[in-house]
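Scroll down for the structure; my scribbles are underneath it.
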Amino acid sequence: MKISFILTIFVFLNLCVLSSEIILNIFIVLVIFNFLFTTVLEHLNDKNWKDEIPNDLKDFYDSKSYLKAKNYKIERGRLSSLSSLISFMFTLAMLYFLGFGLLSDFSVSFSESVIVQSSIFFFIIYLFNFILGIPFSYYSTFVIEEKYGFNKTDLKTFILDKIKGLLISCIIIIGLISLALFIIESFSSGFWLWLWLGLSLIMILLNMFYADLIVPIFNKLTPLENGDLRTKIEAYSKKVGYSLKNIFVIDGSKRSSKANAFFSGLGPRKTIALYDTLIEKHSDEELVSVLAHEVGHYKKKHVLLSMLITICQLGIMCYLFEMCISFDIIANSLGSSSMNFHIGIIAFSFLYSPVGLIIGILMNILSRKNEFEADEYAKLTYDGNALSLALKKLSVDSLSNLYPHPLYVFVHYSHPPLIKRLNALNKKTPQ
Ligand SMILES: [Zn+2]
């Protein structure tokens, strides 16, 4: 990790004296490093499973379903290793045979318009990945998830999801390309500041309207009907002074038996959606405690903070992207005769990867701390035992890994492992 970070700095400082071959080698080293790092972590994590069931969960697992959880993780792990191996080989081949440059020349030959050129370039890469991903996604849904009893999707929903996903991605990709190119052409040098503002604005809007615009494309949201659960939720939100008006039930059971809930929106546009599968499996008290945890995130300003951090990260990215796009030699290393927007994005994605890894780890550290705080909030304002019970059930139902490797947790986990959360909830809090 350190070595590749130093390499990145080296690239930015010494570009004028570097040859395109050296830059290409740096890209290759970064891609190999990323692949090895991920593979080693996955391997450590797999090896870390223990045979005995943790004490806290003895009542929830029999040895048969525990074994099932273990096998489920192993099978999913194998599939994802195969998928990342293929994408690793593909990326290496594209770098080695200067495929990105060839594809760029091909896209440029279609039109004078840079927006069309870049759109074609990214569409081809996206379509290739999309088609390559279909067998994996099919196998994951209809073989693995099916075998372990999670899958509720039929082929029609699966295909419709894929088509909708493809269309939405196209709209978003073309929209973002047009916006970025418009900004770059309007401001030339120093464009990163305006690009940053534009992207931040889009991110905030997407966050505000996610539940109103994106979710309904895939799922049906119905307001939670009057009854015990609604009364209890309203009583709780009145007590803590938090307006929980838009409470929806989402038809998650259409696709999977896994349970979930999400919050979306900012300020008065806040929406909570509870999966029907969550409501089905949990008592009212457990559901309110899960909501109390989410309310904790708002009350402790976690939502606002993580949005601010993401905006800062976007700023760093835009700044580094402008630096990257100003060196023609980087484009040469990928096989393109001159720098353009799409080759710049590809080069940037390689060079940024070690920086992104470090920022990701820092954000996960913060996120895990916030999860403990939100749990604590739910315990103080509602019921810690109900939350413990809900967390155990959620973990057992989704066959989650009970013994993740500490290094894997450190790098990838945005939530603390279940056992740590239960221990923290069990601790006596000084009143
Ligand atoms: Zn949380």
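Counting convention: from 1, in listed order, for ligands and their atoms alike. Numbering of residues begins at 1 and proceeds along the displayed sequence. Model, not experiment: these values are computed from the prediction.
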In the shown structure, where waters are left out, how many protein N, O or S atoms lie under 2.8 Å from the Zn ion (ligand 1)?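 Every protein N, O or S atom under 2.8 Å from the Zn ion (ligand 1) counted, the figure is 4.
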For the residue pair H412 and Y408, does the interplanar ring angle fall in the parallel (under 30°), tilted (30 to 60°) or perpendicular (over 60°) class?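 Judged by the thresholds at 30° and 60°, the geometry between H412 and Y408 is tilted.
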Any idea how F35 and F88 line up, ring-wise: parallel (<30°), tilted (30 to 60°), or perpendicular (>60°)?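 Ring orientation of F35 relative to F88: parallel.
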What side-chain donor-acceptor pairs closer than 3.5 Å can you find for residues 314-323, not counting sequence neighbours?
{"residue": "E322", "atom": "OE1", "partner": "G190", "partner atom": "N", "Å": "3.4"}
{"residue": "E322", "atom": "OE1", "partner": "F191", "partner atom": "N", "Å": "3.1"}
{"residue": "E322", "atom": "OE1", "partner": "W192", "partner atom": "N", "Å": "3.0"}
{"residue": "E322", "atom": "OE2", "partner": "G190", "partner atom": "N", "Å": "2.7"}

Within a radius of less than 6.0 Å around CH2 of W49, do more than 12 heavy atoms belonging to other residues, nucleotides or ligands occur?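 Yes, the 6.0 Å shell around CH2 holds more than 12 heavy atoms from other groups.
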Run the salt-bridge test on E373 and K369 with the 4.0 Å N-O cut-off and return the result as yes or no.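 Yes, charged N to carboxylate O under 4.0 Å.
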Quick one: is the NZ or CZ of K162 closer than 6.0 Å to the six-membered ring centre of F158, and within 45° of its axis?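 K162 over F158 ring: yes.
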